Trainee: 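One structure is given below, represented as structure tokens, and several questions about it will come after.
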2 protein chains.
Amino acid sequence: MTVDASAPTGTPASAPSPVPALTERQEARRQRILRATQQLAARGGFDAVQMREVAELSEVALGTLYRYFPSKIHLLVATMQDQLEQLHDQLRRKPPISTDPGERVAETLMRTFKALQREPHLAEAMMRALTFADRSVSAEVDSVNRLITDVIGDAIHAGRQLTRAELAAVRVVTHTWHSTLITWLSGRASISQVKADIDTACTLVSQAAGAE
Amino acid sequence: MTVDASAPTGTPASAPSPVPALTERQEARRQRILRATQQLAARGGFDAVQMREVAELSEVALGTLYRYFPSKIHLLVATMQDQLEQLHDQLRRKPPISTDPGERVAETLMRTFKALQREPHLAEAMMRALTFADRSVSAEVDSVNRLITDVIGDAIHAGRQLTRAELAAVRVVTHTWHSTLITWLSGRASISQVKADIDTACTLVSQAAGAE
DNA sequence: CGCTAATCTAGAACAAGTTCCTACTCCGCC
DNA sequence: GGCGGAGTAGGAACTTGTTCTAGATTAGCG
């Protein structure tokens, strides 16, 4: 369960410290693994992502898979990082259009939610992994949280730093986002309920941004 | 993974429909199982709750354990129900004393948080189970959510029904509560951060109660 | 009391995540 | 071009949640 610092676990684009820079073949392997994971997850969710199958589908030995991603949770959290980066790019190209900051955040999250609805099984797999992650995945989960916070920060307004009050509001928004998503994914809330929860939380952002 | 309706899974004190009313020995077994679960969870958290050990410690065969609780997740969620009921009783005896509704909710949750801090491993086990639960545990998870909502509802003011706006606020509060707890339990947030998040979310309750 | 069905015990068996081992291959370097 | 070590393939082995089976025990009832 301990993370081996020498393993090629982190994203290559992060810190220059313990990341040994993957060779081309290694980067290709990593991509194959992530693609296989997405494929299996999209088909049957968390349970369908079986390490042996991921290994087989990505044409990599089981031991190699574990060298790249030290656990199933790490693998799925990395998949989420991957997806979030794509999403962030898309959102940068087409920013939300509302005038109120809170509404822009809500718009952004609803757009993200729509994207997740297209692959509900994949969403389920990633979110289950994210909330089930223990301390050994802290760094990766933190990175995911930072990505989401960035996405929301951009929606409030790209450029300036967020105020203290805005940051507090954003924290509650991300908590609500995660938790309401989980509730939806396990069939205990409707889509409109998710939307309502997001909207409620986003009023905090409007207030915080208005009172600056 | 399917719940067998004939199994003695539900709390005996609930609906009179499919619950066959446990005999004394059966109720004793159920209690032994729950106590063993708490004991193991308190020692080492989610991973330390191993079904074979629970069975052994509660002097019940493995098959019997599974008859009472169809999965480890069911078992831990039932443990949480148990704990929450105790908590609710305690809170009823000593209600929060603040004057503002939002502050009463915050006070209630912080008191609950302090209780959880006394057995962090147990808290971890229960919360991990709660968020990892899939559709087969919907009913039980819903019941837990209802309990928490009731606790918060009582804090707002026991007696009257909540308004629509209050309900929306309470939903965000519970989302924030769950998610910030998970963040704390996996070592990614400090205690004061948890408190701050709860306070932020609770301002929504103050507003909703003020605008009624 | 004696019967029958349900429940329980003990333990084997199975499934999937994880670890470990051995031989083979690739990479950087002399 | 050859060497040494890191990386990889292939697969056995181990762990723990879950299921299944066969033989006791118990509960309820005539």
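Here the structure is a predicted model, which is why all the values come from computation and not from measurement.
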Trainee: For dC20(C), take OP1 and OP2 only and decide whether either is under 4.0 Å from a side-chain N or O of Y66(A).
Mentor: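 Checking Y66(A) against dC20(C): no side-chain N or O falls below 4.0 Å of OP1 or OP2.
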
Trainee: What is the distance, to the nearest angstrom, from the CZ atom on R67(B) to the C1' atom on dC8(C)?
Mentor: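 Atom CZ in R67(B) sits about 8 Å away from atom C1' in dC8(C).
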
Trainee: What is the distance, rounded to the nearest whole Å, between atom CG of L75(A) and atom C1' of dA16(C)?
Mentor: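 Rounding to the nearest Å, CG of L75(A) and C1' of dA16(C) are 14 Å apart.
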
Trainee: Where along residues 49-65 of chain B does a heavy atom come under 4.0 Å from DNA chain D, residue by residue in number order?
Mentor: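 Here the set is V49(B), Q50(B), M51(B), R52(B), L62(B).
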
Trainee: I need the NZ-C1' distance between K72(A) and dA16(C), as an integer number of Å.
Mentor: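 My rounded result for the distance is 8 Å.
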
Trainee: E24(B) CD to dC8(C) C1': how many Å, rounded?
Mentor: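 Those two atoms, CD and C1', are 18 Å apart.
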
Trainee: Counting distance only, does the side-chain N/O of S58(A) pair as donor-acceptor with the main-chain N or O of V54(A) below 3.5 Å?
Mentor: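 Such a contact is found between S58(A) side chain and V54(A) backbone.
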
Trainee: Counting only side-chain nitrogens and oxygens, does Y68(B) get under 4.0 Å of the OP1 or OP2 atom of dT7(C)?
Mentor: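 For dT7(C), OP1/OP2 do not have a side-chain N/O of Y68(B) under 4.0 Å.
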
Trainee: Strictly below 4.0 Å, N to O, side chains only: are R111(A) and E107(A) in salt-bridge contact?
Mentor: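 Salt bridge between R111(A) and E107(A), a charged N being under 4.0 Å from a carboxylate O: yes.
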
Trainee: Name the closest nucleotide to the Q26(A) side chain, picking from dG7(D), dG28(D), dT18(D).
Mentor: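 Of dG7(D), dG28(D), dT18(D), dG7(D) is nearest to the side chain of Q26(A).
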
Trainee: Expressed as a whole number of angstroms, how long is the span from I33(A):CD1 to dA9(D):C1'?
Mentor: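 Spelled out: CD1 on I33(A) to C1' on dA9(D) is 13 Å.
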
Trainee: Does the S179(B) side chain pair with the main chain of H175(B), one donor and one acceptor, at a distance under 3.5 Å?
Mentor: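 Checked: no pair found.
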
Trainee: Figure out the CZ/P separation between R32(A) and dG7(D), and round it to whole Å.
Mentor: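 To the nearest whole Å, that distance equals 17 Å.
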
Trainee: Is a salt bridge present between K195(A) and D199(A), judged by a nitrogen-to-oxygen distance below 4.0 Å?
Mentor: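 Yes.
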
Trainee: With distance as the sole test, does T174(A) use its side chain to make a donor-acceptor pair with the main-chain N or O of R171(A) at under 3.5 Å?
Mentor: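 Side chain of T174(A) to backbone of R171(A), a donor-acceptor pair under 3.5 Å: yes, one is there.
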
Trainee: Compare the minimum distances between each of dG7(D), dT9(C), dC26(C) and the side chain of R25(A), then state the nucleotide with the smallest one.
Mentor: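 Of the candidates, dC26(C) comes closest.
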
Trainee: Between the side chains of S186(A) and R188(A), is a donor N or O closer than 3.5 angstrom to an acceptor N or O?
Mentor: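 The answer is yes; a qualifying pair exists.
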
Trainee: Rounded to whole Å, how long is the line connecting atom NE2 of H74(B) with atom P of dT19(D)?
Mentor: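 Taking NE2 of H74(B) and P of dT19(D), I get 11 Å after rounding.
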
Trainee: With a cut-off of 3.5 Å and sequence neighbours excluded, list every side-chain donor-acceptor pair involving residues 120-132 of chain A.
Mentor:
unit_1	atom_1	unit_2	atom_2	d
E124(A)	OE1	F46(A)	N	2.8
E124(A)	OE2	R128(A)	NH1	2.5
R128(A)	NE	F132(B)	O	3.1
R128(A)	NH2	F132(B)	O	3.4
T131(A)	OG1	M127(A)	O	3.1
T131(A)	OG1	R128(A)	O	3.3

